[in-house]
Amino acid sequence: MAWNNDRVRENKPEIAESFFADSPRFRLFVSLIIAVSIVLVTILHFLTPLDQIVWHEIYQRLYYIPIIAAALLFGLRGGLMASVFTTLVYAPHIFLHWQHGHFDYSINQYAEIVIFNLVGGIMGTLGDRLKQARTRAERNAAERQKAYDELQKTFEQLLQAEKLSSLGELSAGIVHEVRNPLGSIKGAVEILEDELKPDSPRREFAHLAKKEIERLDKLVGEFLRFARPSQLSVVPIDLNETVESVAALVENQAAAQNVFIEKEFTEGLPAVLADAEQIKQVLLNLSINSLQAMPRGGKVTFRTFQTGENCAVEIEDEGGGIDEELLPKIFDPFFTTKEKGVGLGLSIAHKIAAQHKGSLIAASHEQNAIFRLELPHAALS
Ligand code: ADP
């Protein structure tokens with residue numbers, strides 16, 4: 001399940017590389033090849049007549065290939081194991097075939113065995129160093145990626161904040177111009193309505209005009225809240241109690257829509273330092289969105305739990321989820337897919353969460369939409 005602020009990373013090559021490099025099966029396979037190569041070279045020695053000294057010299061050098069391979073792949077331990085194994089299989093051949101009659105030559109071969117072990121040791125040390133350097137480089141790359149991801153996240157937050165603040169200024173201007181005349185229009189329509197007879201068909205028009213004015217008033221109110229968010233008045237609050245009170249507020253509407261409310265509260269959560277009214281507003285917005293997503297019934301789950309340094313509330317509904325391509329946009333001001341939506345609920349909620357040094361994220365899993373509000377513990381704020 002992808003949360004809306006997750007970045008999708010292309011990490012297949014990393015997985016493939018670590019599978020080959022670190023898989024025990026791969027290590028066993030390569031170890032077997034190395035051991036078989038050493039045995040094969042020894043068999044060649046045993047089968048080659050003693051008068052073909054040139055071939056013996058060549059085979060003797062062939063031992064370096066598996067020893068160096070083992071050292072580079074498995075480090076000091078691998079290099080020494082390969083050279084000791086070579087010593088064990090090659091020494092009997094020297095002893096049995098060359099010791100008697102070709103004493104000088106056998107001394108040369110014993111010396112070569114010493115060199116095998118030296119090469120195994122030196123190359124093995126080099127292999128270990130290479131491995132350490134690679135691990136360091138991988139760790140640095142991972143740290144760089146993490147820093148980049150954090151930078152990207154901050155950048156997106158800044159972008160969101162900038163969008164919000166410029167829209168806020170714009171909204172403040174509009175609100176100023178619209179609010180007062182709206183009040184006068186409403187009053188005028190009410191006076192006109194009063195003058196109409198109760199059975200006049202024109203009453204319906206007056207009613208329609210009043211409803212539209214109320215809608216505009218609500219819209220203007222939302223703008224106002226967006227443009228000039230009220231000051232936070234923070235106190236330690238019990239998140240379970242806050243969620244409980246919001247669930248109570250939507251209970252009737254939920255019952256009318258055949259929506260079952262489930263509560264999965266974690267007991268003993270630490271208090272969070274927050275403005276209870278604003279947090280209720282956030283949760284109410286999320287709950288109303290959930291109910292709107294389930295006009296034909298379903299289940300909404302309120303969940304509270306602890307996540308590291310934060311306390312979290314999750315609201316999950318079964319309203320069909322949120323399309324993957326819409327997820328990154330739903331917190332944008334004025335983004336809405338509803339016919340009569342304003343598209344400010346989530347962006348205001350997001351802003352409130354940020355003001356509390358918390359976060360609000362969304363995810364979609366199969367037919368479920370999940371919103372998670374996280375707030376820092378009061379003790380840490
Ligand atoms: P509005 O409710 O006015 O559209 P919001 O900012 O509250 O504004 O929501 C923005 C959009 O996010 C909605 O129009 C909808 O597309 C999507 N959305 C929000 N909550 C849900 C949900 N629970 N399930 C599906 N979509 C949702």
Side-chain angles (χ1 to χ4, degrees), residues 1-6 156-157 159-161 163-165 167-168 170-171 174-175 211-212 214-227 229 243 246-247 249-251 253-254 257-264 278-303 312-355 358-374:
M1 178 172 65
W3 290 91
N4 71 320
N5 63 345
D6 280 355
E156 276 163 18
Q157 280 167 350
L159 215 62
Q160 178 85 355
K163 257 193 249 174
L164 289 175
S165 86
L167 275 163
L170 186 76
S171 312
I174 296 172
V175 166
K211 278 205 80 170
E212 285 305 303
E214 272 162 22
R215 204 171 74 83
L216 270 176
D217 196 42
K218 191 175 156 234
L219 186 77
V220 164
E222 294 246 24
F223 275 151
L224 197 65
R225 234 189 332 227
F226 183 75
V243 180
V246 171
L249 282 177
V250 294
E251 221 168 53
Q253 183 59 33
Q257 281 182 224
N258 257 337
V259 172
F260 173 67
I261 295 182
E262 187 165 279
K263 294 168 200 163
E264 294 175 9
Q278 300 228 12
I279 297 304
K280 272 187 205 163
Q281 190 198 332
V282 170
L283 298 175
L284 195 61
N285 256 323
L286 300 178
S287 312
I288 290 171
N289 276 344
S290 289
L291 292 182
Q292 286 176 344
M294 294 186 290
R296 278 179 289 279
K299 186 174 79 173
V300 58
T301 308
F302 291 91
R303 215 172 272 130
V313 185
E314 256 181 26
I315 298 184
E316 177 167 359
D317 65 60
E318 302 175 338
I322 305 167
D323 284 349
E324 214 172 291
E325 62 273 18
L326 297 188
L327 260 182
K329 301 184 194 153
I330 57 170
F331 292 108
D332 283 353
F334 306 113
F335 175 82
T336 181
T337 54
K338 297 171 193 166
E339 208 183 318
K340 292 198 168 168
V342 179
L344 281 177
L346 286 184
S347 64
I348 292 174
H350 192 272
K351 201 169 169 178
I352 293 176
Q355 280 173 331
S359 64
L360 177 64
I361 52 174
S364 188
H365 180 57
E366 292 170 2
Q367 294 302 303
N368 296 12
I370 310 159
F371 285 83
R372 181 190 292 181
L373 170 72
E374 289 196 24

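Indexing begins at 1, ligand by ligand and atom by atom, following the structure's order.
Within 4.0 Å of ligand 1, protein heavy atoms belong to Asn289, Ser290, Ala293, Asp317, Gly321, Ile322, Ile330, Phe335, Thr336, Thr337, Lys338, Gly341, Val342, Gly343, Leu344, Gly345, Leu346, Ala369, Phe371, listed by chain and number.
Considering Met294, Lys299, Glu318 as possible partners of Val259, the one that fulfils the side chain to side chain contact (heavy atoms under 4.5 Å, CB included) test is Met294. With respect to Arg303, the side chain to side chain contact (heavy atoms under 4.5 Å, CB included) criterion is satisfied by exactly one of Glu262, Glu264, Lys263: Glu264.
Using a distance-only test at 3.5 Å, with no hydrogens or angles considered, a donor-acceptor pair links the side chain of Asp317 to the main chain of Gly319. Between the side chain of Gln257 and the backbone N or O of Leu291, at least one donor-acceptor pair lies under 3.5 Å.
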>> Could you walk me through whether Asn285 and Lys280 satisfy the side-chain hydrogen bond (donor to acceptor under 3.5 Å, both in side chains) test, starting with their C-alpha distance in whole Å, then the side-chain angles of each, then the deciding distance to 0.1 Å, before giving a yes or no?
In response: CA-CA 8 Å; Asn285 256 323; Lys280 272 187 205 163; over 6 Å; no

>> Could you go through Phe371 and Ile330, starting from their C-alpha distance and side-chain angles, then the distance that decides it, and tell me whether this counts as side-chain contact (heavy atoms from CB on, under 4.5 Å)?
In response: CA-CA 11 Å; Phe371 285 83; Ile330 57 170; 3.8 Å; yes

